[in-house]
Amino acid sequence: MTRQEFDALFDKAGLPLNEAQKAELFSVYPLLQAMLAKTHPAMPREAEMSVTFNSEVQ
């Protein structure tokens with residue numbers, strides 16, 4: 001992602017960041033992307049335990 005694209009994300013979100021704040025966030029953006037790449041993909045709704053749990057004794 002280019003710096004211009006990165007700045008556009010914050011402008012679109014309406015976050016009032018100054019240039020120093022944007023530069024600091026842009027410098028750690030690759031680390032954030034690396035952490036997100038290591039996370040597991042979202043599970044489907046049916047795989048959630050709260051959906052399959054039945055509290056009634058049968």
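In this text, all values refer to a predicted model and were calculated from it rather than measured experimentally. By convention here, the first residue in the shown sequence is residue 1.
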Partners of Leu17 by side chain to side chain contact (heavy atoms under 4.5 Å, CB included), sequence neighbours excluded?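 Once residues adjacent in sequence are excluded, the partners of Leu17 under the side chain to side chain contact (heavy atoms under 4.5 Å, CB included) criterion are Phe10, Leu15, Gln21, Lys22, Leu25.
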
Over all heavy atoms of both residues, which pair between Tyr29 and Met1 is shortest? Give the atoms and the distance, please.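 Residues Tyr29 and Met1, closest heavy atoms: OH-CE, 3.5 Å.
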
Those residues that, when tested against Glu5, pass salt bridge (charged side-chain N to carboxylate O under 4.0 Å, His left out) (two or more places apart):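 For Glu5, no residue satisfies salt bridge (charged side-chain N to carboxylate O under 4.0 Å, His left out) once neighbours in sequence are set aside.
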
Would you please name every residue forming a side-chain hydrogen bond (donor to acceptor under 3.5 Å, both in side chains) with Gln4, sequence neighbours left out?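 Gln4 satisfies side-chain hydrogen bond (donor to acceptor under 3.5 Å, both in side chains) with no other residue.
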
